[in-house]
Amino acid sequence: MTTAKTPADEAEARAIQDVLRHRVVLAEPGPPPGRGLVAGVDVAYDDARDLVAAAAVVLDAATLEVVEEATAVGRVSFPYVPGLLAFRELPTVLEALGALTAAPGLVVCDGYGLAHPRGFGLACHLGVVTGLPAIGVAKNPFTFTADEPGPRRGDATALRSADGTEVGRALRTQDGIKPVYVSVGHRVSLENACAHTLALSPRFRIPETTRHADSLCRRALGEAS
DNA sequence: GCGACAG
DNA sequence: ATCTTGTCGC
């Protein structure tokens with residue numbers, strides 16, 4: 001089972017990111033959409049009890065049916081700091097991923113990848129640590145900006161940082177519905193990341209992977225003692 | 001210097 | 001993230 005070191009403070013966390021960021025692989029297109037196994041991960045918190053529950057759900061990319069589920073529960077080990085989300089979420093997420101029998105060809109994260117202050121968001125971190133292709137699909141633009149995409153499912157615009165660099169894409173997954181924000185994590189191209197996101201969202205704004213993981217980790221948190 | 005800011 | 005039932009609509 002994979003583990004993750006918890007930094008002592010924010011400065012150490014940023015230093016870790018600055019080292020690991022060099023291990024991100026961007027030259028691979030990643031697995032083709034609509035085939036193989038795709039995993040979704042998410043976490044839920046109970047600050048009162050200091051608990052965090054993570055879920056990893058594996059779907060058949062062709063049918064979007066659930067193939068396997070795993071959960072893990074732990075103590076909250078790092079506060080929420082914008083830009084350092086991975087240190088709060090990954091320890092428990094990696095534990096859930098490690099409990100899987102199936103080997104997914106792609107992991108979809110609830111958050112960002114390259115769209116990050118130091119170019120090393122949650123999806124990059126998870127990808128580098130596990131070696132698995134990973135992408136980030138976020139519900140908000142964070143500190144980035146994007147023009148409004150066209151109104152139809154599949155319409156997209158560039159998500160840019162303040163200096164104009166394209167760090168991801170605002171992607172409409174349903175007609176007339178607010179877009180999601182896709183960015184590359186590890187070993188997947190941006191084009192392919194968007195294609196995967198669309199393939200995983202045939203009916204709702206949020207990918208089925210994330211929807212399943214979200215409900216599962218909430219359930220696990222509720223059942224935790 | 002202050003505020004904003006993925007989940 | 002989380003606080004939170006019923007209700008409006010397809």
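All values derive from a computational prediction rather than experimental measurement. Every chain is numbered from 1, with letters handed out A, B, ... down the list of sequences. Keep in mind that the numbers below use all heavy atoms, side chains included, and drop hydrogens, waters and symmetry copies.
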- For residues 102-124 of chain A, pull every pair meeting salt bridge (Lys or Arg N to Asp or Glu O under 4.0 Å), keeping only residues two or more places apart or in separate chains. A:Asp110-A:Lys139

- Shortest side-chain distance from A:Phe142, nucleotide among B:dG7, B:dA6, C:dT2: B:dA6

- Report which part of the nucleic acid A:Ala115 touches: base, sugar-phosphate, or nothing (heavy-atom distance under 4.0 Å, all strands). nothing

- Between atom CG in A:Asp110 and atom P in C:dA1, what is the gap in whole Å? 7 Å

- Query: Whole Å only: how far is the CG atom of A:Asp47 from the P atom of C:dC3?
  - Reply: 10 Å

- How close or far is atom C1' of B:dG7 from atom CG of A:Leu126, stated in whole angstroms? 14 Å

- Message: Whether A:Asn140 contacts B:dC5 is assessed here as follows: a side-chain N or O lying under 4.0 Å from the phosphate OP1 or OP2. Is that the case?
- Response: no

- Task: Using a 4.0 Å heavy-atom cut-off across all strands, classify A:Leu84 as base, sugar-phosphate, or nothing.
- Result: base

- Message: Looking at C:dA1 and A:Tyr80: do their rings stack (centroid distance under 5.5 Å, interplanar angle under 30°)?
- Response: no

- Task: Among B:dG7, B:dC5, C:dT2, find the nucleotide with the atom closest to the side chain of A:Pro82.
- Result: B:dC5

- Query: Does the side chain of A:Arg88 get closer than 4.0 angstrom to OP1 or OP2 of C:dA1 through an N or O atom?
  - Reply: no

- Can you find a pair of side-chain heavy atoms, one from A:Pro133 and one from A:Leu106, that are under 4.5 Å apart? yes

- Note on the structure: When rounded to whole Å, the CZ to P distance for the pair A:Phe78 and B:dA6 reads 16 Å

- Item | Path from A:Val129 to A:Val25 over hydrophobic side-chain contacts below 4.5 Å | no

- Task: Indicate, with a heavy-atom threshold strictly under 4.0 Å, whether A:Asp42 touches base, sugar-phosphate, or nothing.
- Result: sugar-phosphate

- Query: What pair of heavy atoms forms the shortest contact from A:Phe142 to A:Pro82, and how long is it?
  - Reply: CE1-CB, 4.1 Å

- Note on the structure: Heavy-atom closest pair (A:Val188 atom, A:Ala193 atom, distance to 0.1 Å) is CG1-N, 3.8 Å

- Query: When the distance from CG of A:Leu221 to P of B:dG7 is rounded to whole Å, what number comes out?
  - Reply: 18 Å

- Task: Check the distance between B:dG7's P and A:Ile206's CD1 and give it to me in whole angstrom.
- Result: 9 Å

- Item | N or O in side chain of A:Tyr45 less than 4.0 angstrom from B:dG7 OP1/OP2 | no

- Nucleotide nearest A:Arg218 (side chain, heavy atoms from C-beta), chosen from B:dC5, C:dT2, B:dG7: C:dT2

- Message: Considering every strand and a 4.0 Å limit on heavy-atom distances, what is the contact class for A:Gly136: base, sugar-phosphate, or nothing?
- Response: nothing

- Note on the structure: Closest non-hydrogen contact found for A:Gly74 with A:Thr92 is N-CG2, 4.1 Å

- Should A:Arg14 and A:Asp18 count as an ion pair when the cut-off is N to O under 4.0 Å? no

- Message: Rounded at 0.5 Å granularity, tell me how far OH in A:Tyr112 sits from OG1 in A:Thr143.
- Response: 8.0 Å

- Query: Just by protein heavy atoms under 4.0 Å, how would nucleotides 4-9 of chain C read 5' to 3' in B, S and -?
  - Reply: ------

- Message: Rounded to whole Å, how long is the line connecting atom CZ of A:Phe144 with atom P of B:dC5?
- Response: 13 Å

- For atom CZ of A:Arg169 and atom C1' of B:dA6, their distance in whole Å: 19 Å

- A:Lys139 side chain N/O closer than 4.0 Å to the phosphate oxygens (OP1, OP2) of B:dA6? no

